[in-house]
Number of protein chains: 2
Amino acid sequence: MTQELSSSVLLPASAPAARATAPTFSPLYRQIKDFLVDCLARGEWGPGAAIPSEAELAQRFNVSQGTVRKAIDEMAAENLLVRRQGKGTFVATHDDPRSHYRFLRLLPDDGKAVESHSEPFSCTVLPATAEIAAALQLPAEAPVILIKRLLSFAGKKVIFDQIHLPAEQFSGLSLESLRASERSLYSQLEADFGVRMIHAEERLRAVAADAESAHWLGVAEASPLLLVERTAYSYGNQPVEWRRGLYLTAQHYYQNNLG
Amino acid sequence: MTQELSSSVLLPASAPAARATAPTFSPLYRQIKDFLVDCLARGEWGPGAAIPSEAELAQRFNVSQGTVRKAIDEMAAENLLVRRQGKGTFVATHDDPRSHYRFLRLLPDDGKAVESHSEPFSCTVLPATAEIAAALQLPAEAPVILIKRLLSFAGKKVIFDQIHLPAEQFSGLSLESLRASERSLYSQLEADFGVRMIHAEERLRAVAADAESAHWLGVAEASPLLLVERTAYSYGNQPVEWRRGLYLTAQHYYQNNLG
DNA sequence: AAGTGGTCTAGACCACCGT
DNA sequence: CGGTGGTCTAGACCACTTT
């Protein structure tokens with residue numbers, strides 16, 4: 001068919017956006033998907049909100065419902081949207097219990113007692129080191145927020161996290177707001193700053209505990225710890241978090257499924 | 001429509017199988033998928049072989065091509081099949097370069113020089129320990145093959161593997177055949193024993209090197225090592241391999257993508 | 001009953017691959 | 001060229017949720 005989406009807009013007053021003549025042709029359903037992802041990135045629909053129905057989108061785009069469906073199918077497979085039969089299609093959110101622990105892979109050796117507790121104890125602003133600036137794609141020595149926290153399972157300290165965020169993007173974040181929040185960190189960032197974490201890359205290593213980690217986790221210095229370095233990305237593969245976690249794996253393990 | 005697949009068979013002389021009246025109804029495309037998975041599990045088509053075309057399958061099942069398509073789509077997403085436009089749909093194989101390193105997540109700190117070398121140096125049969133028997137769902141003390149090997153990147157030893165396989169299923173596997181093979185282990189098991197690894201679960205921990213691991217990897221005893229315990233499964237979630245790998249992560253890291 | 005996503009059809013045309 | 005998978009349509013009916 002080699003069509004292109006015309007100037008149809010999805011919402012009143014939404015910008016015509018960069019949907020003009022794409023130099024590289026892509027199937028209709030992909031153009032629609034790109035458009036919808038753009039809407040999500042611009043925050044047209046808040047976290048957990050319902051997007052228009054398939055029928056309505058099909059009408060607005062002048063395509064058949066099956067084409068819209070394929071676009072939404074892919075986005076649901078990427079955890080950008082959540083379909084609920086009979087109700088509608090919704091913007092995925094970290095506030096949803098289903099995706100609350102989507103990025104936490106540590107499990108206890110015995111059953112699955114997932115009673116975890118996060119205790120942030122420090123929140124400061126520092127100039128980025130070269131490594132962090134590179135990971136977050138920031139200029140050298142740009143200000144970053146550094147959050148230190150301990151994560152416990154069933155009362156046992158298991159993770160010492162050092163979390164780095166671009167200070168500009170998250171100005172106003174404080175130790176008080178972190179401690180006051182009932183939500184998970186990602187859920188809080190989503191609600192307070194409109195930034196949604198879509199995917200992340202982790203690099204794992206075994207290291208000997210340094211003084212600070214040993215202290216916070218209550219183990220001897222030089223004990224083996226699992227080092228987990230995470231870069232988390234928002235829409236458009238934009239890195240917005242760099243995290244260094246030290247995991248105590250004496251009675252817990254990091255689970256990974258290979259497909 | 002609430003149909004059910006009739007007694008149509010996919011291949012001449014293929015058993016009518018357990019496709020009778022399912023007590024729980026599932027969509028047509030799922031029944032077709034289940035049937036195709038069954039064919040794969042029974043080895044109707046060898047690794048890398050082409051399966052019948054969508055049109056032909058649709059005809060045999062008396063459904064539309066779109067329904068067959070959805071079944072195959074899901075199987076392709078699960079790495080059971082590989083679609084190739086203009087050519088056909090093929091049974092996924094570990095012999096394919098694309099999926100050669102599908103289960104190996106270790107990467108060097110610098111670029112991506114993936115010049116790896118496997119050197120098996122021991123292959124014996126032992127009674128299963130309780131842990132291994134449980135992981136492989138074997139009776140207590142059932143005989144298992146134990147393969148020990150070293151994996152090197154660019155000449156540097158980085159992984160010490162201890163691989164456990166049910167001896168009955170893989171009788172005939174020897175150190176000589178392992179060393180003679182040009183293929184990867186999974187590719188060899190696929191070709192020689194018709195057993196395909198579909199997915200795997202890994203549990204990661206940081207540990208202090210024991211004497212044997214330290215010796216093989218050329219590090220001091222008690223050095224921190226990444227312990228990777230893997231259970232690999234064939235069709236129908238049947239465990240067929242249990243592996244204990246010790247990874248030297250001084251100049252390499254274990255990569256994991258969180259979706 | 002009305003609206004939503006979920007399944008299925010029959011047919012069209014396109015893009016790619018081999019001969 | 002014929003065969004394959006890839007895209008798209010228009011319409012039907014089903015299953016689920018809410019009003």
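A note on names: the letters A, B, ... follow the listed sequences, proteins ahead of strands, and every chain is numbered from 1.
- Evaluation of the salt bridge (charged side-chain N to carboxylate O under 4.0 Å, His left out) rule for R230(A) yields E202(A) as partners, not counting sequence neighbours.
- Atom NZ of K70(B) is separated from atom P of dC8(C) by 8 Å (rounded to the nearest Å).
- Comparing atom distances between the S64(A) side chain and each of dT9(D), dG6(C), dA10(C) picks out dT9(D) as nearest.
- Partners of F193(B) under the ring-ring contact (aromatic ring centres under 6.0 Å, His included) rule, at least two apart in sequence or in another chain, are F170(B).
- As a whole-Å value, the separation of N62(A) CG from dT9(D) P is 9 Å.
- Here dT4(D) presents its P atom at 10 Å from CD of Q65(B), a figure rounded to the nearest Å.
- Residue Q59(B) contributes atom CD, which lies 11 Å from atom P of dT4(D) at whole-angstrom precision.
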Sequence neighbours excluded and cut-off under 3.5 Å, please list the side-chain donor-acceptor pairs for residues 70-80 of chain B, or say none.
| from | atom 1 | to | atom 2 | distance (Å) |
| --- | --- | --- | --- | --- |
| D73(B) | OD1 | R83(B) | NH1 | 2.4 |
| E74(B) | OE1 | R30(B) | NH2 | 3.2 |
| E74(B) | OE1 | K33(B) | NZ | 2.9 |
| E78(B) | OE2 | K33(B) | NZ | 2.7 |
| N79(B) | ND2 | G259(A) | O | 2.9 |

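- Contacts between residues 71-90 of chain A and DNA chain D, defined by a heavy-atom separation below 4.0 Å, involve Q85(A), G86(A), K87(A), listed by number.
- For the salt bridge (charged side-chain N to carboxylate O under 4.0 Å, His left out) condition, the pairs that include at least one residue of residues 177-196 of chain B, sequence neighbours left out, are D95(B)-R183(B).
- Heavy atoms of other residues, nucleotides or ligands lying less than 6.0 angstrom from CD of E56(B) number more than 12.
- The phosphate of dT4(D) has OP1 or OP2 within less than 4.0 Å of a side-chain N or O from S53(B).
- Taking five base pairs at each end of the helix from dA1(C)-dT18(D) to dG18(C)-dC1(D) and finding the rotation axis that steps the C1' atoms of four pairs onto the next four gives two axes whose angle is 10°, to the nearest 10°.
- R243(B) meets the salt bridge (charged side-chain N to carboxylate O under 4.0 Å, His left out) test with D161(B), E241(B); sequence neighbours excluded.
- Using a distance-only test at 3.5 Å, with no hydrogens or angles considered, no donor-acceptor pair links the side chain of E54(A) to the main chain of T67(A).
- To the nearest angstrom, P of dC8(C) lies 15 Å from CG of L57(B).
- For Y29(B), a side-chain nitrogen or oxygen approaches OP1 or OP2 of dT7(C) to under 4.0 Å.
- Identified under the ring pair (Phe, Tyr, Trp, His ring centres under 6.0 Å) test for residues 66-99 of chain A, with sequence neighbours left out: H94(A)-F103(A), H94(A)-Y186(A).
- Side-chain nitrogen and oxygen atoms of T67(B) include at least one within less than 4.0 Å of the OP1 or OP2 phosphate oxygen of dT9(C).
- When distances run from any side-chain atom of E54(B) to the nucleotides dG6(D), dC8(D), dG5(C), the shortest one goes to dG6(D).
- Rounded to an integer number of Å, the gap from R69(B) CZ to dT9(C) P is 15 Å.
- Residues forming a side chain to side chain contact (heavy atoms under 4.5 Å, CB included) with H252(A) (at least two apart in sequence, or on another chain): L106(A), P108(A), F153(A), V158(A).
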